[in-house]
Amino acid sequence: LSLFDALVRKHGATKAGNLFKSTCPMVGATIGQHIRHSMDHIELTILLADSINEVKGSDPIHLHYDLRVRGGTAESEMDASKKRILDAAAILEDMPDLSSNRCKSFPVQANFMLSGDGIEFGLPSTIDRE
């Protein structure tokens, strides 16, 4: 969140907002798109960890990191992006102790698309690692 504030201090609110949604020619994405992408991954794992005590059995849970909705205001508006980060932090703060063995060792399969063909590759992991 400090990076948002630094961007505004350095450039002013209007220019900072424009920079936030300007596409970088090297990577073809905006700051907002990068934050949305990162938050998609973080939120998925936070929500799973928050609900782990409700999960029955011990079969691995599949996390599909690349099946997500792109777009939305968090990609184009700094305030919406900041709110998304704060909302995720609030979930973490309200969570019970995550050091339980169940959360640390519960198996997950982290699925990623390594190319644009739509095929996912699964890697064994744990909630704690994710």
Side-chain angles (χ1 to χ4, degrees):
L1 295 173
S2 296
L3 294 174
F4 289 98
D5 296 338
L7 191 62
V8 171
R9 276 194 309 276
K10 181 171 176 87
H11 299 288
T14 301
K15 186 173 181 183
N18 290 336
L19 290 169
F20 184 80
K21 57 187 173 189
S22 296
T23 302
C24 171
M26 289 189 69
V27 296
T30 67
I31 294 170
Q33 288 171 323
H34 285 294
I35 292 171
R36 190 262 318 137
H37 176 96
S38 297
M39 289 306 298
D40 288 347
H41 290 249
I42 292 166
E43 286 171 340
L44 184 62
T45 305
I46 287 173
L47 293 173
L48 175 59
D50 191 37
S51 64
I52 193 59
N53 290 326
E54 299 165 19
V55 174
K56 305 294 184 223
S58 59
D59 290 337
I61 293 174
H62 290 252
L63 297 173
H64 299 276
Y65 283 120
D66 292 316
L67 300 178
R68 56 190 185 270
V69 177
R70 290 169 171 85
T73 57
E75 285 189 7
S76 59
E77 298 176 17
M78 284 194 343
D79 288 340
S81 191
K82 287 170 74 171
K83 181 180 180 327
R84 190 168 178 191
I85 292 168
L86 290 169
D87 289 348
I91 293 170
L92 278 172
E93 289 173 5
D94 291 342
M95 259 189 231
D97 183 13
L98 293 178
S99 64
S100 73
N101 285 338
R102 182 164 171 83
C103 194
K104 283 187 171 192
S105 63
F106 199 91
V108 299
Q109 179 170 309
N111 296 289
F112 299 92
M113 290 183 199
L114 302 178
S115 67
D117 61 10
I119 297 172
E120 291 181 304
F121 180 77
L123 297 170
S125 188
T126 63
I127 293 174
D128 191 46
R129 182 184 179 287
E130 295 304 307

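The distance from the CZ atom of F4 to the CG atom of D79 is 9.0 Å, given to the nearest 0.5 Å. For the atom pair NE2 of H62 and CG of L48, the computed distance is 12.0 Å after rounding to the nearest 0.5 Å. The distance from the CG atom of L1 to the NZ atom of K83 is 12.5 Å, given to the nearest 0.5 Å. Separating the CG atom in L86 from the CD1 atom in I91 is a distance of 11.5 Å, to the nearest 0.5 Å. Between H64 atom NE2 and E120 atom CD the span is 5.5 Å, to the nearest 0.5 Å. A distance of 15.5 Å separates NE2 in H34 from CE in M39, rounded to the nearest 0.5 Å.
The minimum heavy-atom distance linking V8 with M78 is given by the pair CG2-CE, 3.4 Å. Closest approach of Q109 to G122, counting heavy atoms only: NE2-CA, 3.5 Å. Closest approach of S81 and F20 over heavy atoms only: CB-CZ, 3.6 Å.
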Test log, rule side-chain contact (heavy atoms from CB on, under 4.5 Å), inputs K21 and E77: CA-CA 7 Å; K21 57 187 173 189; E77 298 176 17; over 6 Å; no
Worked check of side-chain contact (heavy atoms from CB on, under 4.5 Å) between E130 and V108: CA-CA 9 Å; E130 295 304 307; V108 299; 3.9 Å; yes
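When each of D128, I61, T126 is tested with F106 by the rule side chain to side chain contact (heavy atoms under 4.5 Å, CB included), just one qualifies, namely I61. If you run side chain to side chain contact (heavy atoms under 4.5 Å, CB included) between L7 and each of R9, H11, K10, only H11 comes through.
In this structure, L114 is not a member of the same hydrophobic cluster as V27, with clusters built from ILVMFWY side-chain heavy atoms closer than 4.5 Å.
E43 contributes no side-chain N or O that, together with a main-chain N or O of D40, makes up a donor-acceptor pair within less than 3.5 Å. Using a distance-only test at 3.5 Å, with no hydrogens or angles considered, a donor-acceptor pair links the side chain of N111 to the main chain of L63. Checked by atom type and distance alone, the side chain of S22 pairs as donor or acceptor with a backbone atom of N18 at under 3.5 Å.
With sequence neighbours excluded, the residues satisfying ring-ring contact (aromatic ring centres under 6.0 Å, His included) with H41 are H37, Y65.
Taking 4.5 Å as the limit, every side-chain heavy atom of I35 sits out of range of all side-chain heavy atoms of T30.
Side-chain atoms of D117 and S115 form a donor-acceptor pair, as typed in the model, at a separation below 3.5 Å.
By the 4.0 Å N-to-carboxylate-O rule, D87 lies too far from K82 to be salt-bridged with it.
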